[in-house]
Amino acid sequence: MTAEEYLKSYHRYVCNYKASVKEYKSVDEDMITIKSPSFGDRVQTSPQNDPIGEIVINMEKRKAAIGVRMLNFQTKMTMIRNQLASLEEVNDEYYTILMLRYILDEDWKSICSNLCVSRTQANKILKQALAEFDKKFGETYADY
C-alpha cells in the first residue's frame with residue numbers, strides 16, 4: 001500500500017464509523033419496540049424460555065460487536081491523525097497539505113489558497129510530503 005492509499009483510507013474509516021453509529025442507534029431503537037409474544041390460551045407441555053430475554057440478549061451482543069467495530073475504526077483514524085501530527089515537526093507545509101487533502105478533504109483551490117502557492121507547486125509539495133510520510137511511516141502500513 002502506498003502512502004496516498006493509506007491516507008485515503010481515512011475517509012473509508014470515517015464512513016464506516018458513521019455507518020456503525022447509525023446501526024448502533026438502529027439496534028437501540030429496535031430494542032425499544034420489542035413486542036411481547038402472544039401465548040394465547042394454548043397449553044404448554046414444556047416450559048418455554050423467555051423469548052423477550054433472548055431477543056434482548058441477542059441485540060445486546062449485536063450492539064457490543066458494533067461497539068468493537070466502532071472502536072477499531074476510531075483507533076485507525078486516530079493513528080493516521082497522530083502520524084500526520086508528528087510529520088508537522090519535520091515540515092509544517094507537508095503536514096498542512098496532507099491534512100487538507102486527506103483528512104479535511106479540501107479541494108485544490110482551497111489547498112493552494114491556504115499554502116499560498118500555485119497548483120503546480122502544491123502538487124510538488126504533495127509528492128514530497130507523501131514521500132516523507134512513506135519514509136517515516138511506510139513500515140506501519142506496508143502490509144495493510
Side-chain angles (χ1 to χ4, degrees), residues 1-40 44 46-144:
M1 175 178 274
T2 66
E4 185 172 19
E5 292 168 338
Y6 175 69
L7 291 171
K8 282 182 178 179
S9 70
Y10 181 85
H11 280 289
R12 188 177 61 248
Y13 297 140
V14 169
C15 290
N16 289 337
Y17 177 79
K18 288 179 180 179
S20 295
V21 168
K22 285 181 182 179
E23 185 180 1
Y24 190 90
K25 287 178 182 178
S26 172
V27 173
D28 257 354
E29 289 170 6
D30 289 347
M31 287 180 72
I32 293 169
T33 61
I34 295 175
K35 295 191 180 359
S36 175
S38 174
F39 294 113
Q44 291 183 332
S46 60
Q48 185 168 354
N49 294 337
D50 179 15
I52 293 179
E54 288 179 19
I55 292 170
V56 170
I57 288 170
N58 288 334
M59 289 181 148
E60 286 295 335
K61 286 180 183 177
R62 192 166 149 213
K63 280 175 51 177
I66 295 167
V68 168
R69 222 176 30 220
M70 289 167 52
L71 184 61
N72 188 21
F73 293 136
Q74 280 182 320
T75 302
K76 289 177 179 180
M77 291 184 309
T78 301
M79 186 170 99
I80 291 171
R81 283 180 164 272
N82 288 342
Q83 288 170 332
L84 283 176
S86 71
L87 193 64
E88 187 175 22
E89 298 166 7
V90 175
N91 186 318
D92 187 46
E93 240 179 11
Y94 293 171
Y95 165 77
T96 303
I97 197 163
L98 293 177
M99 182 63 77
L100 291 171
R101 180 79 176 131
Y102 297 107
I103 305 303
L104 302 176
D105 201 27
E106 295 284 333
D107 62 10
W108 279 108
K109 184 177 179 182
S110 174
I111 292 170
C112 294
S113 174
N114 277 309
L115 293 173
C116 301
V117 296
S118 68
R119 173 71 189 266
T120 306
Q121 187 64 24
N123 283 334
K124 182 179 175 186
I125 295 168
L126 179 64
K127 286 179 185 176
Q128 293 169 344
L130 288 171
E132 183 65 31
F133 188 88
D134 194 41
K135 185 172 91 176
K136 192 166 183 179
F137 302 108
E139 293 177 9
T140 60
Y141 56 82
D143 297 329
Y144 251 72

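Each residue takes its place number in the sequence, starting with 1. What you see below is based on every heavy atom in this structure, not just the backbone, and it leaves out hydrogens, waters and symmetry mates.
- Ile66 places none of its side-chain heavy atoms less than 4.5 Å from the side chain of Val21.
- Between the CD1 atom in Ile97 and the CG atom in Asn123 there is a gap of 7.5 Å [rounded to 0.5 Å].
- We find the SG-CD distance between Cys116 and Glu93 to be 9.5 Å, quoted to the nearest 0.5 Å.
- To the nearest 0.5 Å, atoms CD (Glu23) and CZ (Arg69) are separated by 4.5 Å.
- Judged purely by atom type and a 3.5 angstrom limit, Ser113 has no side-chain atom pairing as donor or acceptor with the backbone of Lys109.
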Given Tyr10 and Arg81, is the side-chain contact (heavy atoms from CB on, under 4.5 Å) satisfied, shown in steps?
CA-CA 9 Å; Tyr10 181 85; Arg81 283 180 164 272; 2.8 Å; yes

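- With rounding to the nearest 0.5 Å, the separation of CZ in Arg12 from NZ in Lys76 is 8.0 Å.
- Under the side chain to side chain donor-acceptor pair (under 3.5 Å) criterion, Gln83 pairs with Tyr6, Thr140, not counting sequence neighbours.
- The residues Glu29 and Lys25 are annotated as not salt-bridged, no charged nitrogen and carboxylate oxygen being separated by less than 4.0 angstrom.
- The backbone N or O of Val90 sits nowhere less than 3.5 Å from a side-chain atom of Lys136 that would complete a donor-acceptor pair.
- Residues Ile103 and Ile80 have side chains in contact (heavy-atom distance under 4.5 Å, counting atoms from C-beta outward).
- Each of Lys61, Met59, Glu60 was checked for a side-chain contact (heavy atoms from CB on, under 4.5 Å) with Lys63, and the lone residue meeting it is Glu60.
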Intermediate values then yes/no, side-chain contact (heavy atoms from CB on, under 4.5 Å), Asp105 and Leu100:
CA-CA 6 Å; Asp105 201 27; Leu100 291 171; over 6 Å; no

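- Donor-acceptor pairing under 3.5 Å is recorded for the side chains of Asp134 and Tyr141.
- The environment of Glu5 atom CD is dense: over 12 non-hydrogen atoms of other residues, nucleotides or ligands sit within 6.0 angstrom.
- With hydrogens and angles ignored, the 3.5 Å screen pairs a side-chain donor or acceptor of Asn114 with a backbone N or O of Ser110.
- When all heavy atoms of Leu87 and Phe133 are compared, the closest pair comes out as CD2-CD1, 4.0 Å.
- With rounding to the nearest 0.5 angstrom, the OG1 atom of Thr78 is 12.0 Å from the OH atom of Tyr13.
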Decide salt bridge (charged side-chain N to carboxylate O under 4.0 Å, His left out) for Lys135 and Glu132; before the verdict, give the C-alpha distance in whole Å, the side-chain angles of both, and the deciding distance to 0.1 Å.
CA-CA 5 Å; Lys135 185 172 91 176; Glu132 183 65 31; 3.6 Å; yes

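- Residue Trp108 comes nearest to Arg101 through the heavy atom pair CZ2-NE, 3.5 Å, listed as atom of the first residue, atom of the second, then distance.
- Looking at Glu89 and Tyr95, their side chains never bring a donor and an acceptor atom within 3.5 Å of each other.
- Once rounded to the nearest 0.5 Å, the distance linking CG of Leu7 with CG of Leu84 reads 5.5 Å.
- No donor-acceptor distance shorter than 3.5 angstrom exists from the side chain of Ser26 to the backbone of Lys22, with no hydrogens or angles considered.
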